[in-house]
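Input: a single structure, listed below in structure tokens.
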2 protein chains.
Amino acid sequence: MTEEPTITTIAQRAGVSIASVSRVLNGLPTRADTERRVLDAARELGYAPNSAARSLKSRRSNQVGFAIADIGNPAYLAMIREIQPLIKAAGYRLVLHSTDTDTADEIEVLRGLGERYIDGLIMVPLRMTPEHLEMFAAARAPIVVIGGAPDGTPVDNVRTDSRTGVRLAVEHLHAIGRRRIGFVNGPTDTVPGAARSAAYAEALAALGLPHDPRLAEVGDFYRADGARATARLLRRAPDVDALLCANDLIAAGALDVLRAAGRRVPEDVAVAGMDDTDLATLTWPALTSVSLGSAERGRVAAELLLDRLRGGEGPPRVVTVRPHLVVRASTAGEEAR
Amino acid sequence: MTEEPTITTIAQRAGVSIASVSRVLNGLPTRADTERRVLDAARELGYAPNSAARSLKSRRSNQVGFAIADIGNPAYLAMIREIQPLIKAAGYRLVLHSTDTDTADEIEVLRGLGERYIDGLIMVPLRMTPEHLEMFAAARAPIVVIGGAPDGTPVDNVRTDSRTGVRLAVEHLHAIGRRRIGFVNGPTDTVPGAARSAAYAEALAALGLPHDPRLAEVGDFYRADGARATARLLRRAPDVDALLCANDLIAAGALDVLRAAGRRVPEDVAVAGMDDTDLATLTWPALTSVSLGSAERGRVAAELLLDRLRGGEGPPRVVTVRPHLVVRASTAGEEAR
DNA sequence: TTGTACGCGTTATCAA
DNA sequence: TTGATAACGCGTACAA
């Protein structure tokens, strides 16, 4: 009981060979008598197959990795909630990598693929460096990237159309009569930050609104940063009458600052977030937010990866999830509750 | 490049034995010339050590498990945020198990310890069955349980004093003049549910308040359940003037219902939650909440486990984290903002 | 139907 | 300093 039982232990106890033990445990045809004795011995010893030995032999780890910058971000959380059960139902364990917005860390995870401790990887890279692309090309296990990857990247890719997402929000703010529409973004050297920044400028232009640089601020993707960036923006452009925030956390920070500054939401300043996370229905007023289909992207990513793990062949696939705007009180007044 | 490089591949390429390769890669003293050739070959081949083979030999997986009922619960999330970096810094990977409030699933995770794919486990059991205790006793790897475990349970245990926590909240509500203090709990057959239920009754008694069964409701630990339970409670006891909720999610649901019912918070009904999660500062009014030190419990659990993994001996340890009340606007009016 | 023996990729022991 | 070789625990040809 104190020593870890192996098939050898069982074989001795049952008086058979290890081959018979292995056969019984793997459900291969065996004489009923032998089977009984093996199963009894296994149960009595509390046997569990050693996963390292099994992996070494089978060349499969039965593990899947999920790499994100920060577990605290509710958008990633929505993904995990979809991914975890799918992965588990398929017989895999989930190894969670939090890379701390650190590109080197992400590369490290990719390098880890070579150690074969995971059979596949879902990754949400914050930045996309040449090194990423190299590692993708050299990877010896299937990878699914969530987020915009350059065309031709040799991995399955689940993206959203954040350009359309931003446009939907800006058009909505314009439609409710706002003309001084500010934008509080995350770092513009990140994949989502860059995309949203460009989309904002484009949307303004399409509506014939001037692109006033005072209306655009950059912070990090967190609440406190959003608050600070909003405060700066308010100082520089006091006449702002609407704020689009690059995610819901930033929007929460914006609400904090606006409230402290005595600006009413949405009457004085309408506020919209992005990602449509759980946060959006917790704030007051509830937050209008662009859904980028986080949950769906997670689900699709898991499905794509599982397909590859089942042997699915073919060229890299790109799935684009359509964004949609969820209007709530922060841009629509009481009646929208 | 297409075949997975092993030390054998390297040995051939460098013209040395696999023993030398292993020595070089493990930093054992080697002649400079040999070392160079091995390292060059390894780099050129893109070698990465096979973790299964390594685990088989070393009897260590370099992985740690974290098992919780639901990743969506922000209290667990606070734990992961502490655990992940500590585990990672110590050279371990984190395997995430979401057990879906399913006891059988939890047992399955414990059984998995025998497969040796994790070197240790941190678990937050929702219920504590005899089977749990059996598995704990038989476990061949260190386990840390977060949450109340019976005395004598042969695992390290990080608990909180939810009895004191509930008392702090009830006393606070009493101190601000409330006398009809309701309680919206989670399932009473769970560890936290049972503890909080008993503590609530006890706290009322200590204050000389009658225990009116109409004031206690039970739902599940989620927002929608909290809302439904609160609605039932309001119907049965319309004169309730304060609500203690067993966690912040439930409290968020309570706020939803109270607002819809036209009850002002805190003027008509004061509301307090438990766990003091991120939610508490997002709601309006901001939520008074009993901090049960989720982050700290996660941190301590990780430290205890890592100590065991480093060979730390000794009897099971019990660490109790002190709760404290964080007063916000939902029980204190505007001035508390 | 069962047992022997080999290999998966590493580490570690023992001679040379 | 180096090389041959034996484990680690399991699955599976192949032979009996």
Side-chain angles (χ1 to χ4, degrees), chain A residues 2-39 41-42 45-63 91 112-119 140-141, chain B residues 2-39 41-42 45-63 91 112-119 140-141:
Chain A
T2 157
E3 254 324 295
E4 200 74 27
T6 71
I7 53 170
T8 307
T9 329
I10 298 180
Q12 288 166 351
R13 181 157 187 140
V16 298
S17 73
I18 61 166
S20 288
V21 174
S22 179
R23 273 190 291 265
V24 170
L25 294 177
N26 290 305
L28 297 178
T30 323
R31 209 173 62 204
D33 172 49
T34 315
E35 182 173 329
R36 268 277 312 268
R37 287 170 37 212
V38 169
L39 291 178
L45 291 167
Y47 171 80
N50 181 296
S51 64
R54 212 172 230 190
S55 289
L56 182 57
K57 184 72 182 154
S58 68
R59 300 163 164 285
R60 307 186 331 122
S61 65
N62 297 313
Q63 298 191 147
L113 278 179
E115 298 175 25
R116 315 254 57 162
Y117 65 86
I118 46 178
D119 298 331
R140 291 185 260 256
Chain B
T2 158
E3 255 325 295
E4 200 74 26
T6 71
I7 52 171
T8 307
T9 328
I10 298 179
Q12 289 167 350
R13 180 152 187 145
V16 299
S17 73
I18 61 164
S20 288
V21 174
S22 178
R23 273 189 291 263
V24 171
L25 295 177
N26 290 305
L28 297 178
T30 323
R31 207 173 62 206
D33 171 47
T34 314
E35 182 174 328
R36 267 278 311 269
R37 284 164 49 205
V38 168
L39 290 179
L45 292 166
Y47 170 80
N50 181 296
S51 63
R54 209 172 232 189
S55 291
L56 181 58
K57 187 68 184 154
S58 69
R59 299 163 164 286
R60 309 186 329 123
S61 64
N62 297 313
Q63 298 192 146
L113 277 181
E115 298 175 24
R116 315 255 58 162
Y117 66 85
I118 45 178
D119 298 332
R140 291 185 260 258

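Below, chains carry the letters A, B, ... as their sequence lines are ordered, and counting in each starts from 1.
- Rounded to an integer number of Å, the gap from CG of A:L28 to P of D:dC14 is 16 Å.
- Within 4.0 Å of B:P49, counting heavy atoms only, lie sugar-phosphate atoms of the nucleic acid but no base atom.
- What separates CD of A:Q12 from C1' of C:dG3 is a distance of 15 Å, to the nearest Å.
- Counting distance only, with no hydrogens placed and no angle test, the side-chain atoms of A:R23 and the base atoms of C:dG3 include a donor-acceptor pair under 3.5 Å.
- Distances shown here put every side-chain N or O of A:N50 at or beyond 4.0 Å from the OP1 or OP2 atom of D:dC8.
- Closest to the side chain of A:I18, from the set C:dT1, D:dG11, C:dT11, is D:dG11.
- Residue contacts for A:S58: at a heavy-atom cut-off of 4.0 Å it reaches no nucleic acid atom on any strand shown.
- Look at CD1 on A:I10: it is 11 Å from C1' on D:dC10, rounded to the nearest Å.
- Listed pair B:S20 / D:dT2 fails the phosphate criterion, with no side-chain N or O lying under 4.0 Å from OP1 or OP2.
- Listed pair A:R54 / D:dG9 fails the phosphate criterion, with no side-chain N or O lying under 4.0 Å from OP1 or OP2.
- Residue B:K57 places no side-chain atom within donor-acceptor reach of the base of C:dA12, judged by atom type and a 3.5 Å distance cut-off alone.
- Annotation: of the two residues near DNA chain D, B:G15 and A:S22, the 5′-most nearest-nucleotide partner is B:G15.
- When distances are taken from the side chain of A:A53 to each of C:dG9, D:dG3, D:dC10, the shortest belongs to D:dC10.
- An OP1 or OP2 oxygen of C:dG9 is reached within less than 4.0 angstrom by no side-chain nitrogen or oxygen of B:T6.
- Distances from the side chain of A:L56 to the nucleotides C:dC8, C:dT10, D:dA4 place C:dC8 closest.
- The side chain of A:T34 has C:dT1 as its nearest neighbour among D:dG9, D:dG11, C:dT1.
- When the side-chain nitrogen and oxygen atoms of B:Y47 are compared with OP1 and OP2 of C:dT10, one or more of them lie within a distance under 4.0 Å.
- Under 3.5 Å, the side chain of A:R59 and the base of C:dG9 form no donor-acceptor pair of N or O atoms.
- Here the straight-line distance linking atom OG of B:S51 with atom CD of A:Q63 works out to 8.0 Å at 0.5 Å rounding.
- Between A:R60 atom CZ and C:dC8 atom P there is a gap of 19 Å when expressed in whole angstrom units.
- Between the CG atom of A:L25 and the C1' atom of D:dC10 there is a distance of 10 Å, rounded to whole Å.
- To the nearest angstrom, C1' of C:dT1 lies 18 Å from CZ of A:R36.
- A straight line from CD1 of B:I7 to P of D:dG3 spans 13 Å, rounded to a whole angstrom.
- The distance between atom CD of A:E4 and atom C1' of D:dC8, rounded to the nearest whole Å, is 13 Å.
- Here the side chain of A:A19 is nearest to one of C:dT4, D:dG9, D:dG3, namely C:dT4.
- Separating the CG atom in B:N50 from the CD1 atom in B:I7 is a distance of 10.5 Å, to the nearest 0.5 Å.
- The pair A:R116-B:E4 counts as a salt bridge, with a side-chain nitrogen and a carboxylate oxygen less than 4.0 angstrom apart.
- In this structure, CZ in B:R31 is found 9.0 Å from OG in B:S20, a value given to the nearest 0.5 Å.
- Using a 4.0 Å cut-off between charged nitrogen and carboxylate oxygen, A:E115 and B:R54 do not count as a salt-bridge pair.
- Between the side chain of B:R37 and the main chain of B:A14, a donor-acceptor pair closer than 3.5 Å is present.
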